[in-house]
Amino acid sequence: MSIHDMIASHPDVAGNLNDALATAVRHSMFCAVICTSCADACSSEDMDMRQCIRTCMDCADVCTATMKVAARRTGSNEAVLRAMLTACIETCEICAAECARHDHDHCRRCAEMCRECAEDCRKALATI
């Protein structure tokens with residue numbers, strides 16, 4: 001199952017899919033899971049990772065909320081959608097910067113996903 005196909009099948013979309021927005025939904029969903037996993041891995045590190053854990057958890061929550069708002073196609077609420085995409089961009093950038101400070105594979109992967117998500121949200125924001 002593809003999120004793009006699911007959104008495209010919505011009666012209000014009528015096959016006129018905003019591909020950039022659907023991609024942002026998909027990557028926000030992935031980013032939420034990656035950030036959650038990174039926060040969990042950080043909790044097992046020997047060093048103090050409290051700030052990274054907090055940042056990853058905040059990012060996971062913002063990505064989840066963004067994904068939910070952006071996936072809704074009934075009616076419209078463009079002001080909220082723009083605000084959520086903007087918040088997701090900023091939160092992902094903050095998380096990527098925090099994770100980039102650490103020499104852990106899980107943090108490297110999380111920073112990469114956050115940068116991808118922020119870029120996809122920027123592209124989607126330009127279409128709203």
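FYI, side chains are in, hydrogens and waters are out, and symmetry mates aren't considered; it's all heavy atoms of this structure. As the structure is a computational prediction, the values presented were derived from the model and not from experiment.
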Between side-chain atoms of residues 7-15 and protein atoms elsewhere (two or more places apart, or another chain), which donor-acceptor pairs fall under 3.5 Å?
residue : atom : partner : partner atom : Å
Ser9    : OG   : Asp5    : O            : 3.4
Ser9    : OG   : Met6    : O            : 2.7
His10   : ND1  : Asp12   : N            : 2.9
His10   : NE2  : Thr74   : OG1          : 3.0

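- The local environment of CG in Asp103 is sparse, with at most 12 non-hydrogen atoms from other residues, nucleotides or ligands closer than 6.0 Å.
- Using a 4.5 Å cut-off between side-chain heavy atoms of Ile, Leu, Val, Met, Phe, Trp and Tyr, with links allowed through other members, Val33 and Val62 fall into different hydrophobic clusters.
- Taking the six-membered ring where the residue is Trp, His106 and His104 present parallel rings, their angle staying beneath 30° rather than reaching 60°.
- To the nearest 0.5 Å, atom CD of residue Gln51 and atom SG of residue Cys56 are 10.0 Å apart.
- Residues passing the side-chain contact (heavy atoms from CB on, under 4.5 Å) test with Ile34, sequence neighbours excluded: Cys110, Met113.
- The two residues Ile3 and Ala22 come nearest to each other via the heavy atoms CG2-O, 3.9 Å.
- Asp58 CG to Thr91 OG1: the interatomic distance, rounded to the nearest 0.5 Å, is 7.5 Å.
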- Derivation of the salt bridge (charged side-chain N to carboxylate O under 4.0 Å, His left out) call for Glu98 and Arg101: CA-CA 5 Å; Glu98 177 61 32; Arg101 296 179 57 232; 3.0 Å; yes

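- Clustering ILVMFWY residues whenever any of their side-chain heavy atoms sit less than 4.5 angstrom apart, transitively, puts Phe30 in a cluster other than the one holding Met57.
- Shown here for Cys42 and Ile53, the closest heavy-atom pair between the two residues is CB-CG1, 3.5 Å.
- In this structure, the side chains of Cys52 and Glu45 stay at 4.5 Å or more apart for every pair of heavy atoms.
- The side-chain contact (heavy atoms from CB on, under 4.5 Å) test with Cys63 singles out one residue from Cys35, Cys95, Cys92, and that residue is Cys92.
- Between Ala20 and Thr127 the shortest heavy-atom distance is CB-CG2, 4.0 Å.
- There is no path of hydrophobic side-chain contacts, each under 4.5 Å, that joins Val69 to Met67.
- Between the side chain of Ser2 and the main chain of His4, a donor-acceptor pair closer than 3.5 Å is present.
- Minimum interatomic distance between Ile89 and Cys121 (heavy atoms only, all atoms of both residues): CG1-CB, 3.5 Å.
- Within the 4.5 Å cutoff, side-chain heavy atoms of Cys38 are placed close to those of Cys99.
- Annotation: side-chain contact (heavy atoms from CB on, under 4.5 Å) contacts of Ala71 (sequence neighbours excluded): Val25.
- With values rounded to the nearest 0.5 angstrom, Met49 atom CE is found 10.0 Å from Thr55 atom OG1.
- A side-chain donor-acceptor contact under 3.5 Å links Thr23 to the backbone of Asp19.
- Of all non-hydrogen atoms in Ala70 and Leu21, the two that sit nearest each other are CB-CD1, 3.8 Å.
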- Message: Is there a salt bridge (charged side-chain N to carboxylate O under 4.0 Å, His left out) between Arg115 and Glu119? Walk through the geometry before answering.
- Response: CA-CA 6 Å; Arg115 286 189 289 271; Glu119 181 59 26; over 6 Å; no

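- Interatomic distance, CG of Asp61 versus OG1 of Thr66, reported as 10.5 Å (0.5 Å rounding).
- Taking a 6.0 Å sphere around CZ of Arg82, one finds it holds more than 12 heavy atoms contributed by other residues, nucleotides or ligands.
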